[in-house]
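Keep in mind that what you see is a predicted model, and the values were worked out from it rather than measured. Positions are given from 1 along the sequence.
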Amino acid sequence: MTRYQYERSSIPFEILQNADDAVVEYQDMLRAEHRPLMPQADIGHFVIADTDQGLMLMHWGRPINYTGKHQSYRAEFAKDLERMLMLGASAKESEDGVTGKFGLGFKSVLLATDRPIVASGDLHFEIVAGCLPQRAELSPSGKSRAALYKRANLRSTVIELPLAEKASSAALMHRFVSLVGVCSVFTRQVKHIEVNGEPHSWTPDRLLEASAAWCELGQIQVPTKRGQVPTRLLTLRCNLGAVAVRLDGKAIQFDREADYPVPAIWVTEPTRGTAASGVLLNADFEIDTGRGSLPQGTASKRNHDLARKLAKSVAPVMGELIEKSSNDWLTWSSRLATTPQCSAADFWYAAWSVMFGEAISEDASQDVQLTSALIKELFGQVLDRTGVVPNGMPGSLSAFAAQTQLRLSINCSRLHSVLPALAAWPSFVSVYPLSAWCGEDVAAWIQGRSTPDEDCSIEELDRSSLMNALGPDRRLGAEQISDLASIIIAWPKGPTEEQGWRNELATIQLKSRSGAWRPAGHIFFDAPGEGNLLAQFAPEEVLLDEAYSAQQGAWQVICQYLSARVFQAQDLARWCLAAEEERRHLVVKWLSTNLDA
C-alpha cells in the first residue's frame, strides 16, 4: 500500500469516501425502485469513535455485497468483498456518481492493523493475512459503541480496527480531525461526520440558483497554526464539482502554516498536494493512487479541461450573485455575513484577490496551475456576463467599473498617498475619469484572462500619464501648478524618482509674459542672481508669466526639476542692443559680469 502512496493517515479519508459512495448507491437503489429516498439527516452520517481495542468507523450506506432487487439489482455488487481483498479491483465508475475507482481504499486499513473486523448488514467477518475473510464479530466495546448509533430502517456498516497502542489512534486521526470540517463540504451525501462525539456538519444556506448551478454559505472548522477555528465558506456548486472561498467578513486566505493545511485540490476527499491559498476546488479530477499529487501529460490536459468546464458552469450563479448584491448591498451584506460598511465593490475585490492569489511561477505545481486556469476562466466568464469588475481602488474611490471604460491602472500600495491629489486635479480627471481607474492587479486579471480581450488596453500610471493631462503639447499653465506640485510632493521619493521628474518636466511648455508658449528650457524663471538682471532687459516672449510666481511655494516644487535655461549668443546680443535706454545700464552691468563667460 505504501508503494501506492497510501499512508496511515489516509485510512479515515478512504473509509469516508467509501461511505459516501455507499450512501449514493443506496439512494440510487431506492430511486430505481420508486421508493422514497432516506432523509439525509438519517443516512448521511459517518461516525469515528475510539473503542477499547482501537478505532471504529461506521456508516449507513449500501451494505457490502447488497445487490438490490428488481429494478435496482446490480449483479456486480455481489462481488464487493472479493474486490475489497484484491489490489486494484473496483466496480466504481464516475458516471455512477461515486468517487473511488482504484480499488485500494479499504485496503489502506492494513497499514494500521493486520486483522480488521467488519460488520455490514448480514456480513460479519475479519480479514486474515490481508486477503482471507473469515467469520468474526465486533469486539464487545465495538458492539456497544455501534449500538449507540443504531438507526431505524437502516442497516449499518461498522469497521473496527484493533490497534496495538492507544497512541496509534491519535496519530492516525490527526490529519483527518484537522480537515474533517472541509470533508463535510465536499462529500456528496455524507454531510454529518462525528469524531469521538464531536459533530462536524455542513448545513449551509442556499443563497442563489442559476443555470443548474447554485451558491451556498455555511460554517465549518478549519485548521490554523493556533488550532481549529470556525470560518464560513462561500461555495459555488454544479454537477461537476465546487469552488469554495473562505470568508471572515470578506474573503481571506487559508492558513498555510497549520500542521495540516487545507489542500487546494479535492476529489471528494483531500489530495496531499499544494496547500490552498485562497480557493478550494473539488471535482472528479484524475489523481495518482494514494491522492499524492495530480498527474502530468494527457491526464493533466483532461484535468484542465474539467476545470474550465467547472468554471463555465458556476460562472452564471457567481455573476448573478455579484449583480444582485451590488444592486441591494444592504440586504446581501447580511446574507453574506459581512457589514454594509464593507461595500459590495470591496467585498468582491477581496474575493477575486484571494482567488487569484500571487502570480504563479513557471515551475509551479500541477495544483497551482490547475487552480490558476480555473480562476482565469471563471473571471473571464463572469466578466463577460456582468461587464463590470471591482476596480480595486481604496477608500472612497472603490467602485464597480465597466471593463470597456478602464484606461488607467494604478499601483495603489505604492501610490496610495498620491491618489487624493490625483483625484482632485481637474485636468487629469478630464483625461482619465475616475470611472477609468483600476488597481494594477485588476488590470492584470483582465489582461491575463484565459481568452484575452485584444481591444483591452489599460495604461499604467506613471509620470508620463501625468503629462498627458497637459494636452498633446504638454502646456503647464499657472492654474495647474498647485495640482501638479501636490502630486510631486506625495510621489514616492528616491534618486531615480528625481531624475524621472527631470526627464518628464524637460518636455513641458510654459507661458511667457507675451502670451506665447515656450519650452521650459527657453524661458527665464524668477531666480536669484544674474537671472533676475538679465530678465530685466530680455524680451517678454522669453520671460515667465507672472501668474506662475503668484503660487511661489508650488512653483518652487516644480522649478527644482526644470532644466537650465539655454540661450544662443546671438539672442543675447540682440537683446542687449534692443534694450531701452533706461535699461542699458543693466546691460552694461550684466556684460561686465558675464563677458568673460
Side-chain angles (χ1 to χ4, degrees), residues 11-33 35-49 55-69 71-84 89-109 116-125 138 142 145-161 176 180 183-195 199-202 267-269 284:
I11 295 171
F13 295 107
E14 294 298 330
I15 302 305
L16 172 57
Q17 178 179 289
N18 288 347
D20 195 46
D21 290 346
V23 173
V24 170
E25 290 166 349
Y26 189 70
Q27 296 283 53
D28 285 345
M29 285 180 164
L30 295 177
R31 193 176 290 109
E33 295 170 10
R35 295 166 56 192
L37 301 184
M38 296 300 299
Q40 191 181 76
D42 293 331
I43 197 172
H45 278 257
F46 181 71
V47 173
I48 300 182
L55 197 65
M56 180 196 79
L57 305 96
M58 187 174 185
H59 69 82
W60 289 264
R62 182 182 67 82
I64 296 171
N65 277 15
Y66 178 68
T67 59
K69 51 190 176 182
Q71 298 97 323
S72 67
Y73 179 75
R74 296 277 298 272
E76 65 271 24
F77 289 162
K79 294 186 177 182
D80 285 341
L81 180 54
E82 179 182 341
R83 292 189 177 96
M84 288 168 59
S90 175
K92 297 179 181 180
E93 298 291 342
S94 58
E95 289 80 2
D96 297 329
V98 295
T99 305
K101 49 181 173 285
F102 292 119
L104 296 171
F106 175 79
K107 301 170 189 67
S108 64
V109 303
I117 305 169
V118 180
S120 180
D122 297 328
L123 285 178
H124 294 247
F125 60 91
L138 299 174
R145 273 287 193 176
L148 296 176
Y149 298 99
K150 186 175 182 180
R151 299 179 183 278
N153 303 318
L154 283 172
R155 294 187 294 173
S156 64
T157 293
V158 182
I159 301 172
E160 187 174 12
L161 307 180
F176 185 80
V180 62
C183 287
S184 68
V185 178
F186 293 141
T187 43
R188 300 167 193 256
Q189 290 286 333
V190 174
K191 295 299 179 183
H192 309 279
I193 304 171
E194 183 178 313
V195 180
H200 299 269
S201 298
W202 178 246
V267 184
T268 303
E269 303 305 323
D284 192 21

Exercise. Should Lys69 and Glu33 be marked as a side-chain contact (heavy atoms from CB on, under 4.5 Å) after you check the CA-CA gap, both sets of side-chain angles, and the distance that decides it?
Worked result: CA-CA 8 Å; Lys69 51 190 176 182; Glu33 295 170 10; 3.9 Å; yes
For this session: Could you tell me whether Tyr66 and Phe77 have their ring centroids closer than 6.0 angstrom?
Result: no
Check whether [X] reaches the backbone of [Y] with its side chain - one donor and one acceptor, N or O, closer than 3.5 Å.
X      : Y      : answer
Lys191 : Val185 : yes
Thr187 : Asp20  : no
His45  : Ala41  : yes
Asp42  : Arg151 : no

To check you understand the geometry: which heavy-atom pair defines the closest contact between [X] and [Y], and what is its length?
X      : Y      : value
Val23  : Ile43  : CG2-O, 3.6 Å
Gln71  : Ala32  : CB-O, 3.3 Å
Ala119 : His124 : CB-ND1, 3.6 Å
Met56  : Ala146 : SD-N, 3.8 Å
Ser201 : Ser184 : C-OG, 3.9 Å
Leu37  : Gln27  : CD2-O, 3.3 Å

Problem set entry | Full working for side-chain contact (heavy atoms from CB on, under 4.5 Å) between Met38 and Trp60 | CA-CA 10 Å; Met38 296 300 299; Trp60 289 264; over 6 Å; no
Exercise. Arg62 and Asp28: salt bridge (charged side-chain N to carboxylate O under 4.0 Å, His left out), yes or no, with the steps?
Worked result: CA-CA 10 Å; Arg62 182 182 67 82; Asp28 285 345; over 6 Å; no
Roughly how far, to the nearest 0.5 Å, is [atom2] of [Y] from [atom1] of [X]?
X      : Y     : atom1 : atom2 : result
Leu123 : Leu81 : CG    : CG    : 6.5 Å
Leu57  : Glu14 : CG    : CD    : 12.0 Å
Thr157 : Met58 : OG1   : CE    : 9.0 Å

Problem set entry | Flag for Gln189-Tyr26: side-chain donor and acceptor within less than 3.5 Å | no
